[in-house]
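For clarity, every value in this text was computed on a predicted model and none was experimentally measured. Remember, it's 1-based here, ligands and their atoms both numbered in the order they're listed.
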Amino acid sequence: MKLEVKNISKAFKETDGIKLVLNDISFEVEEGEIVTLLGPSGCGKTTMLSIIAGFKKQDKGSVLLNDQPVIEAGPDKAFMFQNYALYPWMTVEKNILFPMVQAKMDKEKQRDRLEYLLRISRLEEYRNYYPQKISGGMKQRTALVRALAVKPEILLMDEPLGALDIEMRQSLQNELLEIFKNEKLTVIIVTHDVSEAIYLSDRVILMSTNYGEIILNEKIDLPYPRNPKDEKFKEYVGLLSNKFIEAGTRKKEELE
Ligand SMILES: Nc1ncnc2c1ncn2[C@@H]1O[C@H](COP(=O)(O)OP(=O)(O)OP(=O)(O)O)[C@@H](O)[C@H]1O
Ligand SMILES: [Mg+2]
């Protein structure tokens, strides 16, 4: 198994006590699989992704990547933040090049990869702009291709398309799928968009407000590229939308 999340619990200290966010959560991801973590706001998606990335430490349980426990963050676990964190002192181009320079990629390969990434993100004209001079969507696209610059063991994306308009979203969804499949990446995408989850992923894991409890772990049995107008696609939308509502109203279990 590429990734094993085993019995993860996590609480945060607050001024008035401790707040349990995740209670005993387990799931697995296969090599080359695209999985979405779906769930209502505040159910613990970002927390879970940060634990997998090694940014946050769980209180209980373990995360195994290639059978090795995750103990710290590293370039093998590429993370794309919910709020695109670009280096403000670097141009778009420099931002995208940065991970390749860090990985000491061959110079010529860097140039080729950069051109490819600028092309698919349609940022060629903006390559010499600084982040504060480009739109939110452009920032997001820059962050996106930067996360893809060096092939990671696993790609963790927190609402990667959240700030984009519908048209850009749809075209980037297709670009993303092409890259994921071409490069056989293992990917976890956090989203709260049911339709996006079905469009993009091999499997959808639905977390609920009951300390992140997984209430559905469903394989999406449709060939790519998917068509939202398809009957079976619509059936999945129906199923997941109902479960999504349930996920948002789940009562927290009594815990001692
Ligand atoms: N560093 C922290 N300190 C205290 N509480 C935190 C911290 N980080 C997250 N939380 C709390 O943990 C819960 C889950 O947060 P998380 O960001 O994981 O949710 P989410 O599912 O990603 O939500 P959204 O869809 O809104 O991004 C929230 O109640 C949040 O307030
Ligand atoms: Mg979040």
Side-chain angles (χ1 to χ4, degrees), residues 3 5-27 29 34-63 70-73 77-86 136-137 139-140 143-144 147 154-164 166 169 172-173 176 187-201 203-218 237 240-255:
L3 182 83
V5 172
K6 292 168 135 177
N7 312 102
I8 291 292
S9 295
K10 175 75 181 170
F12 289 107
K13 282 199 188 69
E14 297 200 313
T15 42
D16 54 347
I18 68 160
K19 177 180 184 180
L20 184 63
V21 175
L22 298 172
N23 182 41
D24 199 20
I25 307 301
S26 303
F27 63 89
V29 180
I34 305 168
V35 168
T36 45
L37 277 186
L38 183 70
S41 183
C43 74
K45 303 180 296 295
T46 298
T47 304
M48 178 52 87
L49 213 60
S50 309
I51 291 171
I52 296 170
F55 289 135
K56 284 191 179 133
K57 187 91 188 91
Q58 66 274 21
D59 302 325
K60 288 183 197 156
S62 57
V63 177
V70 169
I71 37 178
E72 57 183 5
K77 302 175 285 287
F79 194 101
M80 198 194 143
F81 292 93
Q82 197 163 7
N83 50 355
Y84 31 77
L86 297 176
K139 283 183 210 164
Q140 199 139 16
L144 198 60
I154 192 163
L155 175 61
L156 307 167
M157 312 179 101
D158 198 354
E159 307 253 6
L161 306 174
L164 303 175
I166 188 92
R169 226 181 147 97
L172 261 181
Q173 279 174 353
L176 276 183
V187 189
I188 302 180
I189 308 168
V190 163
T191 181
H192 54 246
D193 187 320
V194 167
S195 192
E196 182 165 286
I198 299 165
Y199 193 78
L200 289 178
S201 54
R203 195 150 50 86
V204 178
I205 293 176
L206 178 60
M207 292 167 71
S208 80
T209 43
N210 179 31
Y211 309 111
E213 181 195 2
I214 292 168
I215 63 166
L216 192 83
N217 189 336
E218 184 84 12
V237 173
L240 285 171
S241 300
N242 279 330
K243 281 284 181 185
F244 191 86
I245 294 166
E246 191 186 324
T249 52
R250 266 279 159 123
K251 282 250 164 46
K252 287 185 171 20
E253 280 165 43
E254 296 284 340
L255 297 168

Checklist entry - So, is Ser41 placed with an N/O/S atom under 2.8 Å from the Mg ion (ligand 2), counting both backbone and side chain? => result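 No, outside the cut-off.
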
Item to check | Between CD on residue Glu246 and CG on residue Asn210, distance to nearest 0.5 Å | outcome: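 Interatomic distance, Glu246 CD to Asn210 CG, rounded to 0.5 Å: 11.0 Å.
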
Checklist entry - Under 3.5 Å between some N or O of ligand 1 and some N or O of Lys45? => result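 Such a contact does occur with ligand 1.
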
Item to check | Contact (N/O only, under 3.5 Å) between Cys43 and ligand 1 | outcome: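 There is such a contact, yes.
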
Next on the checklist: Under 4.0 Å from a heavy atom of Val21: which atoms of ligand 1 are those, numbered in the order shown and with their elements?
Outcome noted: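 Numbered from 1, ligand 1 contributes 12 (O), 13 (C), 14 (C).
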
Item to check | Subset of ligand 1 atoms that lie under 4.0 Å from at least one heavy atom of Lys19 | outcome: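 Answer, ordered by atom number: 28 (C), 29 (O), 31 (O).
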
Next on the checklist: Are Leu20 and Lys252 packed together at the side-chain level, in the sense that at least one heavy-atom pair is separated by less than 4.5 angstrom?
Outcome noted: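 No, every pair of side-chain atoms sits at 4.5 Å or beyond.
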
Out of [options], whose heavy atom sits nearest [atom]?
atom: atom 15 (O) of ligand 1; options: Leu37, Thr47, Val190; answer: Thr47
atom: atom 17 (O) of ligand 1; options: Thr209, Leu20, Thr46; answer: Thr46
atom: atom 19 (O) of ligand 1; options: Gly212, Gly39, Pro40, Gly44; answer: Gly44

Item to check | Leu38 backbone acceptor or donor facing Lys45 side chain under 3.5 Å | outcome: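 A pair under 3.5 Å: no.
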
Checklist entry - Taking NZ, NE, NH1 and NH2 as the nitrogens, is one of them in Arg169 or Glu196 under 4.0 Å from a carboxylate oxygen of the other? => result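 Salt bridge between Arg169 and Glu196, a charged N being under 4.0 Å from a carboxylate O: yes.
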
Checklist entry - So is Lys10 actually on top of Phe12's ring, under 6.0 Å and inside 45° of the axis? => result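 Relative to the ring axis of Phe12, which defines the angle, Lys10 lies inside both limits.
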
Checklist entry - What's the shortest heavy-atom distance between Ser62 and Ile8, and which atoms? => result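 Residues Ser62 and Ile8, closest heavy atoms: N-CD1, 3.6 Å.
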
